[in-house]
Amino acid sequence: MPNRDWLLEIGVEEMPARFVSGSLAQLKEKMLKWLDEHHISYGVAETFATPRRLSIRVRDVVEGQADVEEEVRGPAKRIAVGADGGWSKAAEGFARKQGLTTADLVLEEFKGETYVFARRHVKGRATLELLTEGVPAVLSSLTFPKSMRWGNRRLRFIRPVRWLVGLFGEEVVPFSFAGVTAGNVTRGHRFLGGEATIPVADQYESVLKNEAVMVDVEARREAIRSQLAVLEEEQGWKIPIDEDLLEEVTHLVEIPTALYGSFDEAYLELPASVLITTMREHQRYFPVEDAKGKLLPFFITVRNGDEHSLDQVARGNEKVLSARLADARFFFEEDKKLKIETAVDKLNHVVFFEGLGTIGDHVRRIRALSEALLDRLDITGEAQQTLLRAADICKFDGSTYMVNEFPELSGVMGRVYATQAGETEEVAEAIEEHYYPRFAGDRSPRGTAGILISLLDKLDAVAAAFSLGIQPTGSQDPYSLRRRAAGVIQILADPAWKNLTLSFLFDLALDQLEKDGWLKRPAEEVKEELTAFFELRLKALLQEEGVRYDIIDALLTGDSTTPSLLLDKARVLAQEVEKDDFKLVVEGFSRAANLAEKGEAGLTINRDLLEAWAERELLATIRKSSEAFTEREARQDAQGMFQEISKLAPVIHRFFDEVLVMDENPEIRNNRLALLQQIDELVSRFALFKKIVFAS
Amino acid sequence: MNMQDIILNLQSFWSKQGCVLAQAYDVETGAGTMNPMTFLRSLGPEPWNVAYVEPSRRPADGRYGENPNRVYQHHQFQVIMKPSPDNIQEVYLESLKALGINPLEHDIRFVEDNWENPAMGAAGLGWEVWLDGMEVTQFTYFQQVGGLEADPVSVELTYGLERLASYIQNKENIYELTWVDGVTYGDIFKQPEFEHSKYTFEISDADKLFRWFEQFEDEAKRAIEENLVFPAYDYVLKCSHTFNLLDARGAISVTERPGYLGRVRALARRCAKLYVAERERLGFPMLKEGGEAHA
């Protein structure tokens, strides 16, 4: 028989748009894994989804498993064969257990001994039968970011399951799941379609098309895109496509019809970000621009349906949007009346973290930390004024109506309102910028004040949380401490801030918390935890840069405190590993490190005991290199640092060639070990070379 | 369609679906969910179908009758069905037709919205139902109530009556809604809105309110000790409303706030547990033979 197509459709109540793609990918992975595990071969797999269904169609699935010969090893011959040469009780028992008789047993050698083997011809089972039994377990194994129960059921699923389609070619696969038995009847659009029978798996899309459902995700996405393009063309508009919004809208409709509405031109006086946020975040509308990128008083919404009564739908949406914009304008006007100082004062009534005072306290610490940086970074004059003023008022927009209504406009509104209130351009910019980077992969802030406030804001938040004993665990990170720490690292990865080591910043932040009476545990303890936590973020940064694992291990020494230097070192090592002589360098350092461990800690070098020329040469080279290395280190010149220590390599090898370290005389031995300890100490300031792995 | 007819149509519709038509509760509530017809009855294994209008007090939303959309007290049409029927979405959409809303002429969508009321230890998953972009109903499958797992799961439908009416009547300002011919929403509610707002923000006596909170809390605990869940729960509602008044007055500092919420939550949880225990003691009288066992 020819192969058939396997179609599975899970009909559910409307799924959250944000979970559809992930769930679909998971369904595909688990379904194919199941086929593989059951030795059922297949062709191409396609997936489909609308808000009400997750589907997969696997092409060219074989009719059944192939037959296989199976052999199971039983007891050894000496046990299996009795004194009379016939089968023993043990052999009979073994055969019975396998569902066979002794006639199916054979003797064969296995690892030098003869055993009894049961031989069995296992007939492959029909795919249809296997699917009927197996699909429920595949569906049960799906996991979702949020799942729920419904009715009387114990089962959890993304949303209630209402129908199932299981079709193997033309034949129904009647499996049951969530109290529903699969058939060949699907459901169309809620209002424009009805129930429909799918005669054969191949006709899935066309059957649903007749029921007003566009089941292919990409086709739906492209349909929306081209409808937007038509509107652009017809109206002479520009409709910028936010891909995240398009993705969401695609998963909110089963059949899309883009339509436009308008709003009162007077609302265009509101900041563009307010208009865009209202339309996009709250209503899932696409804003409309003119050719020059200026917002126009129109919006596009994508309806889940056809072109029937589009006017009425447009009027309804216009009414909703205009109520929202009226609110926004009210907020905007009220906010304008709010003095910045009053707004800052109100922050004293907003909780920061439970048990850690208010945002007001947090802002005062950011200000104090900013002052503490002035000298170290040599910030004076206007730059100083900008930094301190921006620090004082960086969170003031948190007291405005607008930000309370639209939290995603934090900083953006701060900038608008600060400018209106006559703050300098630099201060206004720093208020907006200090929220960057807002997520992994986001850009760093621009401008010194924005950068430093961003850094101190995040640093203080993480330090404060740690001082309370709040740390992320597993997937739980309610205060986004990982994101904040990653933000700190991202900023410090810029060599411009190489004077700000993590260790220095931790001390600074913990000092401030202590001064203000918020430090709940010994600073040393908290600092240790912070160091370990940030080291994990550094590791993540190096991994993102594509640095090899062994090099990461070699570089993260437990006190890697300058992210920009760390990155430079990683780059230097990445170049060096490509060179032929690098292996020799590492071998020299590793050998020195391994032997150095054999000596007691803190051995000192006695010049007079240096007998051989090679050891005197080594000491001289260490001294010279050490001095030069320290000077390069001060300038954070990773290339130079490596050059200096690599000069030691040939000398170390000569030393090992000519000198026996483990001399019988303990004084001489210890003296030589002391030399090696010095080398290890020096090169470890660059990296723990012995962690670097070479392919053998 | 005037507001009175909207209510009558919804009542008649849900009555036909087998719901008990109950009345609004006579103790102040912040939402239909807090009415014991929902909060307590959604607990335990007994089936329960009910519908009622709940005038819901949100003191902090008081605007002296001046804001076109925000009010001290709004009205919810609340439906609870336990266990949630398999065709509940279709039934809900039928109810919109009963209000004269033809789905073919509108854009109706179920947009993810997960509901949570931490003070009552309640949480659920579901949607906001959008009618041409406007949220007209909150549609929730209860997963937890009073800190207890909802089993079986109830579905809760909460229609925002003012919103729905302003859409149906095409009014921008809710005070202009027609309640019944010749009587507007404003005729009925404008004065109480003003007075409640003035009382909440200017006249209420925080010392008294604090004292009452303590007394209501004590009384709730005393009733719980006596296994009297319904009287106990009334005092929990009073605690909750008193807290809302204090909160709106700005009398509760940020640091105290979680403490007060925690006290209400603790009482609500105790009532929830007690309710299930008392129903069990009574042999779950509404659990009919057969039929209701776990699938």
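Proteins come first, then strands; the chains are lettered A, B, ... in the order of their sequence lines, and each starts at number 1. These numbers come from a predicted model, not from an experiment. Heavy atoms only: backbone and side chains are in, while hydrogens, waters and symmetry mates are out.
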S.K.: Which region of Thr257(A), side chain (C-beta onward) or backbone (N, CA, C, O), has a non-hydrogen atom less than 4.5 Å from a non-hydrogen atom of chain B, or is it both or neither?
M.R.: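 Answer is neither: Thr257(A) stays 4.5 Å or more from chain B.
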S.K.: Mark yes when over 12 heavy atoms from residues, nucleotides or ligands other than Glu307(A) sit less than 6.0 Å from its CD; otherwise mark no.
M.R.: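 Check fails, neighbour count at 12 or below.
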S.K.: Would you please classify the geometry between the Phe299(A) ring and the Tyr285(A) ring as parallel, tilted or perpendicular, with 30° and 60° separating the classes?
M.R.: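 Geometry flag for Phe299(A) against Tyr285(A): parallel rings.
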S.K.: Identify which of His282(A), Glu318(A), Arg18(A), Arg324(A) forms the greatest number of heavy-atom pairs closer than 4.5 Å to chain B.
M.R.: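 Among His282(A), Glu318(A), Arg18(A), Arg324(A), the one with the most close pairs to chain B is Arg18(A).
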S.K.: Evaluate the ring planes of Phe177(A) and Phe157(A), with Trp represented by its six-membered ring, and classify them as parallel (under 30°), tilted (30 to 60°) or perpendicular (over 60°).
M.R.: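 Answer is perpendicular, since the angle exceeds 60°.
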S.K.: Find the one option among Lys82(B), Arg109(B), Glu135(B), Met134(B) whose heavy-atom pairs under 4.5 Å with chain A are most numerous.
M.R.: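 Most heavy-atom pairs under 4.5 Å with chain A: Arg109(B).
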S.K.: Under 4.5 Å from any heavy atom of chain A, what part of Pro68(B) do you find: side chain, backbone, both or neither?
M.R.: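 Contact with chain A: none, neither part.
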S.K.: Which of the residues Gln283(A), Gln312(A), Met148(A), Arg149(A) is involved in the greatest number of heavy-atom pairs with chain B at under 4.5 angstrom?
M.R.: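 So the answer, after comparing Gln283(A), Gln312(A), Met148(A), Arg149(A), is Arg149(A).
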S.K.: Can you tell which part of Phe330(A) gets under 4.5 Å to a heavy atom of chain B, answering side chain, backbone, both or neither?
M.R.: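 It is neither, since no heavy atom gets under 4.5 Å.
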S.K.: Establish, yes or no, whether the cationic atom of Arg263(B) lies under 6.0 Å from the six-membered ring centre of Tyr260(B) and within 45° of the ring axis.
M.R.: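 Yes; both conditions hold, so Arg263(B) lies above the ring face of Tyr260(B).
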S.K.: Name the region of Leu93(B), side chain, backbone, both or neither, that has any atom closer than 4.5 Å to a heavy atom of chain A.
M.R.: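 It is the side chain, since no backbone atom gets that close.
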S.K.: For the pair Glu90(B) and Arg190(A), find out whether any cationic side-chain nitrogen is under 4.0 Å from an anionic carboxylate oxygen.
M.R.: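 Looking at Arg190(A) together with Glu90(B), the answer is yes, because their closest N to O distance falls below 4.0 Å.
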S.K.: Please classify the contact of Phe142(B) with chain A as side chain, backbone, both or neither, using a heavy-atom distance under 4.5 Å.
M.R.: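 For Phe142(B), neither part sits under 4.5 Å from chain A.
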S.K.: Using heavy-atom distances under 4.5 Å, tell me whether Val302(A) contacts chain B through its side chain, its backbone, both, or neither.
M.R.: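 It is the backbone, since no side chain atom gets that close.
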S.K.: Below 4.5 Å, heavy-atom pairs only: which of Ser147(A), Gly179(A), Pro160(A) has the largest tally toward chain B?
M.R.: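 Looking at each of Ser147(A), Gly179(A), Pro160(A) in turn, Pro160(A) comes out on top.
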S.K.: Assign the ring pair Phe110(B) / Trp127(B) to parallel, tilted or perpendicular, where the plane angle (0 to 90°) is split at 30° and 60°.
M.R.: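 Plane angle over 60°, so perpendicular.
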S.K.: On the 0 to 90° scale, with breaks at 30° and 60°, tag the Phe139(B)-Tyr141(B) ring pair as parallel, tilted or perpendicular.
M.R.: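 Correct class here is tilted.
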S.K.: Check whether Asn114(B) gets within reach of chain A through its side chain, its backbone, both or neither, counting any heavy atom under 4.5 Å.
M.R.: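 The answer is the side chain of Asn114(B).
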S.K.: If you tally heavy-atom pairs under 4.5 Å against chain B, which of Met15(A), Lys319(A), Arg303(A) wins?
M.R.: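 Top count of heavy-atom pairs under 4.5 Å with chain B: Arg303(A).
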S.K.: Chain A: which of Asp113(B), Ile88(B), Val155(B), Leu104(B) shares the most heavy-atom pairs with it under 4.5 Å?
M.R.: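 So the answer, after comparing Asp113(B), Ile88(B), Val155(B), Leu104(B), is Leu104(B).
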S.K.: Give a yes or no on whether a salt bridge exists between Arg154(A) and Asp151(B), defined as a side-chain N under 4.0 angstrom from a carboxylate O.
M.R.: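 The answer is yes: the pair qualifies as a salt bridge.
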S.K.: Any donor and acceptor pair, going by atom type alone, linking the side chain of Asp264(A) with main-chain N or O of Tyr267(A) inside 3.5 Å?
M.R.: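 Side chain of Asp264(A) to backbone of Tyr267(A), a donor-acceptor pair under 3.5 Å: no, none is there.
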